[in-house]
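Quick note: residue numbers are just sequence positions, from 1. We count ligands from 1, going down the list as the structure has it; atoms in each ligand are counted the same way.
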Amino acid sequence: MPQQDRSNVNPSESGGFGSKLGFVLSAAGSAVGLGNIWRFPYLVAKYGGGLFLLIYIILALTFGFALLITEIAIGRRTGKSVIGAYKSINKRFSFLGWLAAFVPVIITPYYCVIGGWVLKYLATFISGNGEISAGDGSFFSEFIGSSAQPTVFFVIFLAITALVVMLGVEKGIERISKFMMPLLVVLTIGIAIYTLTLKGAGEGLKYYLLPNFDNFTFSTLLKTIAAAMGQLFYSMSIAMGIMVTYGSYMRKQDSLERSVRQIEIFDTGIAVLAGLIIVPAVFVFSGGNAEALNKGPGLMFITLPNVFQSMAGGQIFGTAFFVLVALAALTSSISLMETVVSIIMEKFHVKRIKASIITLIICFLLGMLSVFGYSAWKTVELFGMQFLDFFDFISNNIMMPIVALLTCALIGWVTKPVYIEDEVLESEEKFRSRKLHAVMLRYVCPVCMIIILITPFVTEI
Ligand code: PFF
């Protein structure tokens, strides 16, 4: 079995995680991000509350588990960056490594732009001016519509991300995750408890937890499943090389199956709690009107400041909330950037610092397209979308399902699931979910992936 081989990129620089806890917290840090706190709650709201929640949890425990353990095991078994990893499994699948590698190159820049927006809100709340962000949304549109401020906050967020990546896996990523993730859990639970004590929160809780079958049709079910699956990719950082990269830094003696279950519970738990914060809070604010939740992406940047404004102690609550979001976004952007850096180190034989600087420059240039897309170049559209939305669309709706589909083809049918099972058995007596993993990878996941890819067309018809 190939041992971790990072020699070609200078092992002292690439290193690895020093402990199982460090690995789990770092991978959970990657998974828990804007996807959990910003995207998950508005999807739950959009797709009928409890029904989406139920479908999501079932998918996370089956489909999400299979893909997550596959990627981490590929990384640990090959000990390579995502490009090297797929190539060493099967030369004919080298292109898949490149395709997967391209995803974080697209996502990191725009993710850091949104991270910058979060920092702006955090700065506004910390300085005691939270109320100016409330209102009809003009604060948000004026902010993203000006080029200068979003650039400043984007650059700050990007620079912090790059700094941690430059420090390396153990000294940078692991150390910061061990500190930030427990803080994130405490903050999430604390804020959720506070929300539930608000008068009128019960109605929101009901909406959130109980499935809503009004207007239920086959087409809505299909759309709900496709949306839940798409969210799984997003939330678990699957199909973009991240988990392969982190897996390559994982110690051989640590249990893979248990680690993956822990990451999954962490990620889903924080998403569910974030919904528990946001849905009831918005219900209280809107006097029980579920419509207020249907603001899509604007939920966090427009609706929530109004919610904070309307509650006692909203300034403190808002500050705590945006600290939470900033922490979550930061540990995720670190993992996105680390994936790109690991590729540059391996492919071009350059050291970590140099690879990080190259990545920083690429991210800055691409990120500026997203910044300008909402301001100076507002009129420029790509297939009817602004730059940020376009990057989000091609990475999440097209590239990630294709990468996942081809990974299933490679591991499910070419190497066979035994490739993963052998790696799991390196650190365990038994692979408890062996059958589930094989069935998911060979049959269920490919079908799901095809559903994701064709749903937009079918539902249009
Ligand atoms: N999983 C993280 C999140 O939920 O925010 C990070 C992330 C990675 C988000 C990749 C989106 C994405 F496409």
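The distance from ligand 1 to the heavy atoms of Ser235 drops below 4.0 Å at these ligand atoms: 1 (N), 4 (O). Ligand 1 places these atoms under 4.0 Å from at least one heavy atom of Ser30: 1 (N), 2 (C), 6 (C). Taking every non-hydrogen atom of Leu34 and a distance limit under 4.0 Å, the qualifying atoms of ligand 1 come out as 3 (C), 5 (O).
Looking at Met243, Met399, Met400, Met240 and measuring to atom 10 (C) of ligand 1, the nearest heavy atom belongs to Met240.
Phe283 meets the ring pair (Phe, Tyr, Trp, His ring centres under 6.0 Å) test with Tyr207; sequence neighbours excluded.
Classification of the Phe52-Tyr56 ring pair by plane angle, with boundaries at 30° and 60°, yields parallel. The aromatic rings of Phe139 and Phe143 sit parallel, their planes meeting at an angle under 30°, below the 60° perpendicular limit. Ring orientation note: the planes of Phe65 and Phe431 are tilted relative to one another, at an angle of 30° to 60°.
With a 4.0 Å heavy-atom cut-off, ligand 1 is reached by no atom of Val103. Residue contacts with ligand 1 for Ser332 involve side-chain atoms from C-beta outward but no N, CA, C or O (heavy atoms, distance under 4.0 Å). Contacts between Phe233 and ligand 1 below 4.0 angstrom, taking non-hydrogen atoms only, are absent altogether.
Remark: minimum distance from atom 9 (C) of ligand 1 to any protein heavy atom is reached at Tyr234 CE2, 3.3 Å. Protein heavy atom nearest atom 12 (C) of ligand 1, with residue, atom name and distance: Ile107 CD1, 3.7 Å. Summary of contacts: the protein heavy atom closest to atom 5 (O) of ligand 1 is Tyr111 OH, 2.5 Å.
When side chains are defined from C-beta on, Glu174 counts as touching Lys178, because their heavy atoms get closer than 4.5 Å.
Under 3.5 Å, the side chains of Thr407 and Tyr86 contain a donor-acceptor pair of N or O atoms.
Polar contact check, Ser237 against ligand 1: a nitrogen or oxygen pair lies under 3.5 Å apart. In terms of polar-atom proximity, Leu336 is not counted as a contact of ligand 1, lacking any N or O under 3.5 Å from an N or O of the ligand.
With a 6.0 Å cutoff to the six-membered ring centre and a 45° limit on the axis angle, Arg251 does not count as a cation-pi contact of Phe23.
Among Phe322, Phe140, Tyr110, the single residue meeting the ring pair (Phe, Tyr, Trp, His ring centres under 6.0 Å) criterion with Trp117 is Phe140.
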